[in-house]
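Both backbone and side-chain heavy atoms feed into the values below; hydrogens, waters and symmetry mates do not. First the proteins, then the strands, lettered A, B, ... as listed; each starts at 1.
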Amino acid sequence: MTTTAIPTGEKRATATTPKRRPRRQREGAAWVFLSPWVLGASVLTLLPMAVSLYLSFTDYNLFDPPHWVGLRNYTQMFTEDPRYWRSVWTTLTYVVIAVPLQLALALVVALALKSMKRGKGFYRSAFYAPSLLGASMSIALVWRAVFNDGGTVDNLFGTGGWVNKPGWALLAVALLTVWQFGAPMVIFLAGLQQIPAELYEAAAVDGAGRWRQFVSVTVPMLSPVLFFNLVLQTIQAFQVFTPAFAVSAGKGGPADSTLVYTMYLYDRGFVASHMGYASAMAWVLLLVIGVVTAVLFRTSRSWVFYASEGER
Amino acid sequence: MTSVSTAAARKPVRWGRVALHLGCLAALLVMLYPLAWLLATSLKPADEVIASLDLLPSHLEWSNYKTAFEGVNDVSIWRLLSNSLLIAGGAVLGNVISCSLAAYAFARLRFRFRGPMFAFMIATIMLPHHAILIPQYIIFNKLGLVNTYWPLILPKFLATEAFFVFLIVQFMRGLPRELEEAARIDGCGPFRSFFQIVLPLTRPALITTAIFTFIWTWNDFFTQLIYLFDPDKFTLTLALRSFVDASSQSAFGPMFAMSVIALLPIVLFFLAFQRFLVEGMASSGLKG
């Protein structure tokens, strides 16, 4: 086999133009490399998206065949389901509290660490650790206990446990997200260190004070990183599940005050077996995240500054 | 003489710097409090968990850990641990293999529809997991794979976590092309080029991928919650959740002992690879 294959390969390589064959070969090779991704993207991403769009117009409980109901899931969602709207407002409130607080804290700490000479690496790692631990069930359980009646927060402030108060429970969930500010902080810090020192020197020569340097150099130079963090954290915040689930012991309580969107989706789809309804909810979530991202990108033109354009 | 002058030069203590460190340390204390609380509570006797205001237990109640090791629902903790490890290990293997293959094609090879496919890949990073969850569940249900580990591991072998594809693409783009071009002139095809030149150089990105995949899979709750029913197929995360359902106060100590055990692999990973983690995160965010 091999003894015959090698000479013919050599012969052909010299006979045909050597440039064209490798390219076609490369095209074939590319599809070999891509095949797992293509399979995953089509069967586990595109197909499910199409299926869930179809299911969103049906009544489906996993056992009986789907039954076409037209727009009924959507009209029911928007006009007849107060719990749906409750979950929408809960999620929006959560996003509006958690994301700005988290990013602000991340930025402040990154700025504090930026000029630090000793201990920077230590602080960076220590502040980053919660980002890895915070998504776990273990920490969510700690949160529930610390914010429960008789927990640390109750003892410190005498407010009673937040977990059992409708107005406060969501704040406890949001604080768990804020606690994980390390991930955006690390990105901010890396962004800050990429700002050329000459810019600050030039600004100082021109008589700019520290505040002026911050406003005129740091903020514009950091704005792409800020934008990246904002988009990423917002998208993630819309999909919050585990902390709300654990802090409310899986019920979204008290009085549905921590029933975030994905928890209600889980409740409709996997607890109540209304897969059609849950699919409609998932598509609305998809569209809302798409719209929010588009709006963020649209507004970014006016405040995000790209020093070097067209790199990609 | 000289020593005096240097001392004089040093004299103005930088109070700003001291304040900065004090502030950072104070923030750190607040940040680490939940972890200290977790560790302390896991060693507290049952009656001190809520009633006592002290962070530290009056004596160390190691029996909490003994109870935790007995497991939940008659499933031993070793079973839960190995289930968690199996899923996380499978996910790591799957992501590293499939994502690096796809990334190499996107970063180095030419093929039709490359632009649109790359754009689609980026878009799926933003795609909310829940939008495709239900149909995926239905597919796996039809295949009879619900309540097995396939739905948790198989997607990773199909490069569905586009974030890592992107991360590796970005890293590969930063590698010099000269080596590959020289190899190609010497008759090296794309496969050998990938395995012998690009892959070894991509190791830092692969390590980042492996670590994050491990930690995220280890922490994952939602997917495990919908796909696994049998208590003996449960992971540590799911077992902890059943503690939430039956959270009588007497079970508090063991519950948090088990929480500590569940966090231990992540803490170890973090301590071992913190530089990789922090830098991997930073670079992934910047090059976007």
*Which region of B:Thr160, side chain (C-beta onward) or backbone (N, CA, C, O), has a non-hydrogen atom less than 4.5 Å from a non-hydrogen atom of chain A, or is it both or neither?*
side chain
_Heavy-atom pairs under 4.5 Å with chain B - which of A:Val109, A:Val43, A:Leu285, A:Leu62 has more of them than the others?_
A:Leu62
*Considering only heavy atoms, which portion of B:Phe140 lies under 4.5 Å from any heavy atom of chain A: side chain, backbone, both, or neither?*
side chain
*List the steps and the verdict of side chain to side chain contact (heavy atoms under 4.5 Å, CB included) for A:Leu133 and B:Phe270.*
CA-CA 10 Å; A:Leu133 306 170; B:Phe270 176 72; over 6 Å; no
*Flag side-chain contact, heavy atom, 4.5 Å: A:Thr152 against B:Tyr33*: yes
*When heavy-atom pairs shorter than 4.5 Å are enumerated against chain A, which of B:Lys142, B:Met121, B:His21, B:His129 gives the highest number?*
B:His21
_Testing the basics here: between A:Phe33 and B:Pro190, what is the closest heavy-atom pair and its distance to 0.1 Å?_
CZ-O, 3.9 Å
*asked:* Quick one, B:Met126 and A:Ile289 - any side-chain contact, counting heavy atoms below 4.5 Å?
replied: no
*If we only count heavy atoms from C-beta on, is the B:Arg17 to A:Met116 side-chain gap below 4.5 Å?*
no
*To the nearest 0.5 Å, how far apart are CD1 in B:Ile215 and OG in A:Ser136?*
10.5 Å
*Which residue out of A:Phe188, A:Trp283, A:Phe181 racks up the most heavy-atom pairs below 4.5 Å with chain B?*
A:Phe181
*With a 4.5 angstrom heavy-atom cut-off, could you sort out which part of B:Ile132 is near chain A: side chain, backbone, both or neither?*
both
_Side-chain heavy-atom pair B:Leu263, A:Ile139 within 4.5 angstrom cut-off_ = yes
*Residue A:Leu113 versus chain B: region with a heavy atom under 4.5 Å*: side chain
*Which residue out of B:Leu20, B:Ile97, B:Ile139 racks up the most heavy-atom pairs below 4.5 Å with chain A?*
B:Leu20
*Shortest non-hydrogen contact from B:Pro128 toward A:Gln239*: CA-OE1, 3.3 Å
*Taking the side chain as every heavy atom from C-beta outward, state whether A:Leu55 and B:Ile138 have any pair of such atoms under 4.5 Å apart.*
yes
_Need one label for A:Phe122: side chain, backbone, both or neither, based on atoms under 4.5 Å from any heavy atom in chain B._
side chain
*Of all the heavy-atom pairs spanning A:Val142 and B:Pro34, show the shortest one and how long it is.*
CG1-O, 3.7 Å
*asked:* Please report the interatomic distance CG(A:Leu141) to OG1(B:Thr41), rounded to the nearest 0.5 Å.
replied: 11.5 Å
*asked:* Given heavy-atom pairs under 4.5 angstrom as the criterion, report whether the side chain, backbone, both or neither of A:Tyr60 touches chain B.
replied: side chain
*So do the side chains of B:Phe269 and A:Leu132 get within less than 4.5 Å of each other, counting heavy atoms only?*
no
*asked:* Please report the interatomic distance CE(A:Met137) to CD(B:Gln224), rounded to the nearest 0.5 Å.
replied: 9.5 Å
*Heavy-atom distance under 4.5 Å to chain A: side chain of B:Ala27, backbone, both or neither?*
both
*Highest number of heavy-atom pairs under 4.5 Å with chain A: which of B:Leu225, B:Asn219, B:Thr124?*
B:Asn219
*Heavy-atom proximity to chain A below 4.5 Å, by part of B:Phe157*: backbone
*Measuring heavy-atom distances to chain A, does B:Arg114 have an atom under 4.5 Å in its side chain, in its backbone, in both, or in neither?*
neither
*Out of A:Pro36, A:Ala282, A:Pro184, which one racks up the most heavy-atom pairs below 4.5 Å with chain B?*
A:Pro36
_If I take atom CZ from residue B:Arg110 and atom CD from residue A:Glu27, how far apart are they, to the nearest 0.5 angstrom?_
11.0 Å
*Report the option among B:Leu38, B:Leu127, B:Ile226 that has the most heavy-atom pairs separated by less than 4.5 Å from atoms of chain A.*
B:Ile226
*asked:* For residues 261-270 of chain A, give me every residue with a non-hydrogen atom less than 4.5 Å from any non-hydrogen atom of chain B.
replied: A:Thr262, A:Leu265, A:Tyr266, A:Phe270
*Of all the heavy-atom pairs spanning A:Phe127 and B:Cys24, show the shortest one and how long it is.*
CZ-O, 3.7 Å
*asked:* Please rank B:Leu25, B:Leu28, B:Asn141 by heavy-atom pairs under 4.5 Å with chain A and give me the top one.
replied: B:Leu28
*Drop me the distance from B:Ser98's OG to A:Leu39's CG, to the nearest 0.5 angstrom.*
11.0 Å
*Most heavy-atom pairs under 4.5 angstrom with chain A, which of B:Pro135, B:Gly23, B:Ala103?*
B:Pro135
*Decide side chain to side chain contact (heavy atoms under 4.5 Å, CB included) for A:Leu34 and B:Leu109; before the verdict, give the C-alpha distance in whole Å, the side-chain angles of both, and the deciding distance to 0.1 Å.*
CA-CA 10 Å; A:Leu34 276 177; B:Leu109 303 178; over 6 Å; no
*Of the non-hydrogen atoms in A:Trp37 and B:Ala102, which two are nearest, and what is the gap between them?*
CB-CB, 3.7 Å
*Step by step, would you call A:Ser138 with B:Phe256 a side chain to side chain contact (heavy atoms under 4.5 Å, CB included)?*
CA-CA 7 Å; A:Ser138 305; B:Phe256 285 114; over 6 Å; no
*Kindly give the heavy-atom pair with the smallest separation between B:Ile134 and A:Ala278, and that separation in Å.*
CD1-CB, 3.2 Å
*Working to the nearest 0.5 Å, report the span between CD1 of B:Ile125 and CD1 of A:Ile235.*
9.5 Å
*Relative to chain B, which of A:Leu286, A:Val284, A:Leu44, A:Thr45 shows the most heavy atom pairs under 4.5 Å?*
A:Leu44
_Assess the residue pair A:Met281 and B:His130 against the criterion (side chain to side chain contact (heavy atoms under 4.5 Å, CB included)); give the C-alpha distance rounded to whole Å, side-chain angles, the decisive distance to 0.1 Å, and a yes or no._
CA-CA 9 Å; A:Met281 283 188 69; B:His130 305 87; over 6 Å; no
*Considering only heavy atoms, which portion of A:Leu156 lies under 4.5 Å from any heavy atom of chain B: side chain, backbone, both, or neither?*
neither
